[in-house]
Amino acid sequence: MHTNEDTLGLLAQALREADAVVVMTGAGASAESGIPTFRDALEGYWSRYDPQQLATPQAFEADPALVTRWYDERRCKVLECDPNPGHEALAHLEELITGRGDRFTLVTQNVDRLHQRAGSREVVEVHGSLGEWRCTKTGQSYLDLPVPFPEYPPPSPAGGLLRPGVVWFGESLPPAAIERASSDSSACDVYLAVGTSGVVWPAAGLVLNAANNGALTVELNLDDTPMTEHFSHTLRGTAGELLPALLELLG
Ligand code: BV8
């Protein structure tokens, strides 16, 4: 059984030698920024809802006001939060790897844009973003609209409604994003998953692409997940502590 220290040393060495690196993040990467993880019991008024039920086209169809209010409140919350040391460490890791001419891809299931605010440049958002809203009538995308919306559901300038630019359960992932995530995961030497419960597909399955390519696969999480068995190594602890420690080792 490897200790965190052993695994950090092994991971740092593999990162020094890697030609291509993929990091996959989930809600746990943003937990230390104060953003509740996707499956943490929703807070306050929202605690009566199951996020998996709210994050669906059916819920939006049934009650667009409720669903758009939930997303707008999350959008406001995210804008009040800041990237944490884990986000910053991943931005530094990207600089290190790309600065020496090797490939780095950050695939995120998160919709909070904190990676970009921490300085990460190559971010593949496989589940969309709270910052983007789309007209239900024209499909037109609107970015960074004033917060909060004055009413729910927010009307779109084209006469339809605005829906959040996230991928709901039952919706396909943005083709370009999942294509990029799949091909980069299949071609990497190191695959590091940070703070994801590994229950949402197809994102959860990307580690299999990396493992099939003989990559070193590491799962950074507080606990085991249904995908733990597919990783060659695990780091157990918080992203905010372990990622800076990794960057420390990389100098
Ligand atoms: C699709 C946007 C075609 C919205 C989200 C194959 C098998 C089984 C089911 C399926 C399958 N293929 C498709 C499905 C159906 C479904 C699915 O996966 N269902 C599962 C849940 C049973 N998938 C889909 O519908 C996808 N679409 O495949 O289209 C299709 C369609 C229908 C049928 C077949 C095929 C679309 C999925 C996208 C859904 N949208 N988000 C929104 O945000 O509201 S997913 C949502 O969950 C968030 O994006 C979130 O990021 C994501 C995953 O959750 P996590 O990020 O992992 O967060 P979670 O809270 O779960 O866990 C946090 C983790 O962090 C924990 O492990 C915790 O221990 C750890 N942690 C906490 N603190 C820290 C920490 N770690 C480190 N440090 C810390 N400090």
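In each ligand, atom 1 is the first atom listed, and ligand 1 is the first ligand listed. Atoms considered below: every heavy atom in the structure, side chains included; atoms not considered: hydrogens, waters and symmetry mates.
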Decide, yes or no, whether a salt bridge links [X] with [Y] under the criterion of side-chain N to carboxylate O below 4.0 Å.
| X | Y | result |
| --- | --- | --- |
| R103 | E122 | no |
| R69 | D72 | no |
| R100 | E94 | no |

- Task: Give a yes or no on whether the backbone of L66 and the side-chain of D63 come within a donor-acceptor separation of less than 3.5 Å.
- Result: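 Indeed, once roles are kept as given, a pair shorter than 3.5 Å links the two residues.
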Going by the closest heavy atom to [atom], which one wins out of [options]?
| atom | options | answer |
| --- | --- | --- |
| atom 26 (C) of ligand 1 | W70, W201, W168, F169 | W201 |
| atom 65 (O) of ligand 1 | G198, G240, P36, G195 | G195 |
| atom 62 (O) of ligand 1 | S33, A204, S197 | S197 |

So which bit of [X] gets within less than 4.0 Å of ligand 1, heavy atoms only: side chain, backbone, both or neither?
| X | value |
| --- | --- |
| V199 | backbone |
| Q52 | side chain |
| E32 | side chain |

- Message: Below 4.0 Å from ligand 1: does a non-hydrogen atom of A29 turn up there or not?
- Response: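 The answer is no, since A29 has no heavy atom less than 4.0 Å from ligand 1.
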- Query: Looking at atom 34 (C) of ligand 1, would you say a protein heavy atom lies below 4.0 Å from it?
  - Reply: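 Within 4.0 Å: no protein heavy atom nearby.
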- Message: Can you confirm whether some protein heavy atom lies under 4.0 Å from atom 15 (C) of ligand 1, or whether none does?
- Response: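 No, because not a single protein heavy atom sits under 4.0 Å from atom 15 (C) of ligand 1.
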- So, for W70 and Y49, is the gap between ring centers shorter than 6.0 Å?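 They do not qualify: ring centres at least 6.0 Å apart.
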- Whether H87 and H115 hold their rings parallel, tilted or perpendicular, with breakpoints at 30° and 60°: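 Geometry flag for H115 against H87: perpendicular rings.
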- Message: Which label fits F149 and W133: parallel for a plane angle under 30°, tilted from 30 to 60°, or perpendicular past 60°?
- Response: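 F149 vs W133 ring planes: perpendicular.
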- Message: Is it the case that ligand 1 has an N or O less than 3.5 angstrom from some N or O of A27?
- Response: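 Between A27 and ligand 1 (N or O atoms, distance only) the closest approach is under 3.5 Å.
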